[in-house]
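Every chain is numbered from 1 and lettered A, B, ... according to where its sequence line falls, protein lines coming before strand lines.
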Amino acid sequence: MHVPTKLLDDPADAVTDALRGLAAVHPELTVDLEHHVVSRNHDHFGDHRPGKVGLVSGGGSGHEPLHAGFVGLGMLDAAACGAVFTSPVPDQVLAATTAASSGGGVVHVVKNYTGDVLNFQMAAELADDEDIAVETVLVDDDVAVTDSLYTAGRRGTGGTLFVEKVLGAAAEQGMALAEVAALGRDVVARSRSFGVALSPCTTPGSDRPGFDLEPGEMELGIGIHGEPGRRRVPVPATGVAREVARTSVAAIADDMPLDGEELLLLVNGMGGTPLLELQVLAGDVVAELTARGARIARALVGNHVTSLEMAGSMVSVCRATPQLLQLWDAPVRTPALRWGA
Amino acid sequence: MHVPTKLLDDPADAVTDALRGLAAVHPELTVDLEHHVVSRNHDHFGDHRPGKVGLVSGGGSGHEPLHAGFVGLGMLDAAACGAVFTSPVPDQVLAATTAASSGGGVVHVVKNYTGDVLNFQMAAELADDEDIAVETVLVDDDVAVTDSLYTAGRRGTGGTLFVEKVLGAAAEQGMALAEVAALGRDVVARSRSFGVALSPCTTPGSDRPGFDLEPGEMELGIGIHGEPGRRRVPVPATGVAREVARTSVAAIADDMPLDGEELLLLVNGMGGTPLLELQVLAGDVVAELTARGARIARALVGNHVTSLEMAGSMVSVCRATPQLLQLWDAPVRTPALRWGA
Amino acid sequence: MSPALTAAGARDWLQRFATAVDEHAADLTDLDRPIGDSDHGVNLQRGMRAVLAALDAADPATPGAVLLKAGSTLVSTVGGASGPLFGTLLRRTGKALGDAESVDAAALGSGLRVGLDAVTALGGAQVGDATLVDALAPAVESLEAGGSVTEAAEAAARGAASTDELVARKGRASYLGERGIGHRDPGAASTALLFAALADGDGAGAS
Amino acid sequence: MSPALTAAGARDWLQRFATAVDEHAADLTDLDRPIGDSDHGVNLQRGMRAVLAALDAADPATPGAVLLKAGSTLVSTVGGASGPLFGTLLRRTGKALGDAESVDAAALGSGLRVGLDAVTALGGAQVGDATLVDALAPAVESLEAGGSVTEAAEAAARGAASTDELVARKGRASYLGERGIGHRDPGAASTALLFAALADGDGAGAS
Ligand SMILES: Nc1ncnc2c1ncn2[C@@H]1O[C@H](COP(=O)(O)OP(=O)(O)O)[C@@H](O)[C@H]1O
Ligand SMILES: Nc1ncnc2c1ncn2[C@@H]1O[C@H](COP(=O)(O)OP(=O)(O)O)[C@@H](O)[C@H]1O
Ligand SMILES: [Mg+2]
Ligand SMILES: [Mg+2]
Ligand SMILES: [Mg+2]
Ligand SMILES: [Mg+2]
């Protein structure tokens, strides 16, 4: 199977080089190239706020703009960037936690993968040694994993964006540590995602993609690490986007009733699917959701939580409340999400 | 050569379906599905402004978010969306012009391709019949075309984004028709772009990509219509991003001296290249520009002017002035570009 | 076209051209692949289907009105470079034919000269620039010189073939420079089909 | 390990393991492809190179200190699931070995039991869940029961092979459910390499 030419210098340095590039175009961010930690440049933002709850996330790289692209005013204070598809080590998470700490404690937003969970847990212990109070919000929004008892549990995927935006606004507005964490768990409980791959992706330096997909096949129920999904099915001859929308929304609605709900919606590209196609999918997803009695309160369409150059999509929804909408609408200024500032 | 599975319903309806999707998630836009014209929903924006100069652009589809994704407060008033890689017809451009007209005249931002030029020209004549004064700003920023005398002239590519943002802000601030057009021509004169393809792309419904590229080859000096570039060269074994940055910046600097200049910079993805890679390229591009004595005043990294799912990049720069920076920083609220609002 | 071209004859001509475009759509698009953006066949197909529908609806009474209607329909449905150029060719030719109930080959040649001049004024291409003008100009000249429609079709075909060895100076293909040598210009190829469709009707009259 | 494991012996063990990981890195990553994210070999390779460098720098005096240093280095360089798990295994085993200058197979077995328990406490996996525990637990039990390091290595290898037919319940592979059957767990395979490296040193003493 064909491995795409990558616009990199040395595959082994992909993450370092990408962070150097981020630093070069975002003076409002501080990039620690030793720890691969991106944090707010408080001098640039003028947002020195003693006692503000710090918001930290992180994970493997390859999901850009998640997480480093969501660092800034009204969202994350710091992100720890692991190797591609490999969770960061505790030292990195600790460095991010220290950078984010202003005395009010720090919330860790952790996607539910064994590696992320274990490394953040160890980092939280190290932070405790330094008297930084840490609360953890575990994101497990992926409905493709239905048998949580027999697995590592649902994965953290597109819903992570809702959590990071909403908690970022809450922390900015002065909410205290325990409340931010509780709010985060509530956002997780209200969020669901389902992903589909139309092509695999290849980790930099590898000579083969994560899986082989014959033309005319697609993988349903994927995570965000280029791994195969839960099920492989044929691509329909026409109505591909409708079928993807139907399958994704049905999987979500079977798990969480949508009738009468106001939704935050993310129609997310996995990295290699062009916006023309994501817009077609967005139309079909909105039609499916509306047919189930839901109303779209806010929507984002684009590449937000990706798997390198994988083609495909992830549909994520969050059942909104007036409070969540207010926090969603609050100003945000990050490389990848920006409004009102 | 492998044709990717597309997330569409019917390839023949790709543009209509994508516009329907845009309408479904952007209530602040009015989408005319008959003419494939996207314009501001003035009731939503509350920006009824008699006498404001209207700003219209358009072209073939397949370049999303350009142009429809740049319709909104502080940028375009309306965009006419042709079939994929095919300029809109005069009727469409006229419909966009009428939608954008508030009595102060309308500026057409036209990318320099024979089809776009001819169709916009015919539309301008039709608008004249309806007593709408039209000024045309022709964007020809692509330095890959060096022999303008023997060709249709330089193509309009990434620099279009600078023109649309800056003129959108100028029109919003009340600048008059002739001045907006003159400013636009000045922005064009200050802008240069160079593009590289690492993969071809396939028009919806076609059974083959626009060109074949063997693994280990890249196309230099591409346009944005999935067509081959000016030159094919081998991909270097390492330092691919550095080589692309070097080639792109050298081509630009050979044409327009950069020493001592403050730049608006766009490190643009062609659609299928993931952000991790674009960030690596951004670092290399900034290094190249800085080494040539330029300073980066503002930068954007991402998929803004694309060729469907093509992998590759386009580097665009605009020599800024204090006025241009003020207009660049002015509030903008569109699906794809948003800040300060 | 031994019997002169009537409104019905003009519609038959365009019907045959539409059929030829349908048949050759993939070939025309393939010609547009190496040197353009792979859409010329698709573009003309969309346009000619619209033309047939528009002619059915309007049922114009003269050959000039048929060509005028066809031209404006092409302008408003094709887009790209070929929409305005083919559209202008037929519109201006149609206008030039005026109210005549039927036109012979020479009159058609004079009309097409007006169309050709409008095309060169609009697009700026001259013979030798590897565009549709390379097929159109010799066909028009042949008719003007008293040639039959069959001779005009042959001239168009030769003109189209001549683009194989040319470096394009107009349109998308011009960006390729020397890389474009060895490729036939798609617009010239479709223009040759237009004149072949005209010649195919020769003798068939208004049937 | 007829002569008991000294600090130098422990370093030789880890050196042999690092060599084995280098040799099998591609294989381990390939095992991680169908059921995981294709990085297990890369992860361990990065970690073991760091371990060798850290041991060179720190030159720990006892086998316990060697394993402790190796474990914390893995934790801070590997990431993913395997970093904390392999790291915890070695750290806790090292701590349990205390200040002893040298340890025999039985003592190593008792130390590894502490490490194994820490791994199951951390990751929650039991034997049969198709993780590295399936290789680790039988090896530790074999040593505890008085087995030789060679027997322990055989038990680890059998344990790793047993994962072929299991449905994973922990880690990334668990997401595949039944689709994971027929695939060997990469962490179990690398754990088998760890014990094979231990056995390879048997009789070679501190050489
Ligand atoms: N300036 C011009 N003058 C005459 N013909 C032109 C000119 N530019 C392009 N053409 C013709 O148009 C054809 C391309 O048509 P088409 O592919 O439908 O449009 P586009 O190039 O916009 O995709 C070319 O093959 C050429 O014959
Ligand atoms: N909860 C767990 N308990 C024990 N071992 C586990 C657990 N989760 C994963 N593993 C082991 O980790 C291995 C995967 O390691 P690696 O590929 O390096 O990390 P990641 O899965 O984060 O990419 C699996 O093959 C399995 O043996
Ligand atoms: Mg991993
Ligand atoms: Mg075209
Ligand atoms: Mg074309
Ligand atoms: Mg792995």
Here the gap from Leu19(B) atom CG to Leu276(A) atom CG, rounded to the nearest 0.5 Å, amounts to 8.5 Å

Please report the closest heavy-atom contact between Glu309(B) and Gly272(A), naming both atoms and the distance. CB-O, 4.0 Å

Among Ala299(A), Ala241(A), Pro274(A), Gly21(A), which has the most heavy-atom pairs under 4.5 Å with chain B? Ala241(A)

At what distance, to the nearest 0.5 angstrom, does NZ of Lys6(B) lie from CG of Leu198(A)? 11.0 Å

Please give me the minimum heavy-atom distance between Gly283(B) and Ala24(A), naming the atom from each residue. CA-CB, 4.5 Å

Using a cut-off of under 4.5 Å for heavy-atom pairs, which of Asp284(A), Asp10(A), Thr290(A) has the most such pairs with chain B? Asp284(A)

Inspect the surroundings of CZ in Arg298(A) and state if more than 12 heavy atoms from other residues, nucleotides or ligands are less than 6.0 Å away. yes

What part of Thr238(B) lies closer than 4.5 angstrom to a heavy atom of chain A: side chain, backbone, both or neither? both

One pair to check against side chain to side chain contact (heavy atoms under 4.5 Å, CB included): Leu7(A) and Val280(B). What are the steps and the verdict? CA-CA 7 Å; Leu7(A) 199 45; Val280(B) 171; over 6 Å; no

Of the listed residues (Gly271(A), Ala336(A), Gly239(A), Gly62(A)), which shares the most heavy-atom pairs with chain B below a 4.5 Å separation? Gly239(A)

Heavy atoms, side chains only, cut-off 4.5 Å: are Val286(A) and Val25(B) in contact? yes

By a 4.5 Å heavy-atom criterion (distance strictly below it), what part of Ile296(B) contacts chain A: side chain, backbone, both, or neither? neither

Run the numbers on Arg338(A) and Arg338(B) for side chain to side chain contact (heavy atoms under 4.5 Å, CB included), then give the verdict. CA-CA 6 Å; Arg338(A) 188 167 174 187; Arg338(B) 189 169 173 185; 5.8 Å; no

What heavy-atom pair brings Glu64(A) and Leu275(B) nearest, and what distance separates the two atoms? CB-CB, 3.8 Å

Checking heavy atoms, do the side chain of Asp13(B), its backbone, both or neither come under 4.5 Å from chain A? neither

Residue Ala14(B) versus chain A: region with a heavy atom under 4.5 Å: both

Heavy-atom pair with the smallest gap, counting every atom of Arg242(A) and Asp9(B): N-OD1, 2.7 Å

Using side-chain heavy atoms (C-beta onward) and a distance below 4.5 Å, is Val240(B) in contact with Leu8(A)? no

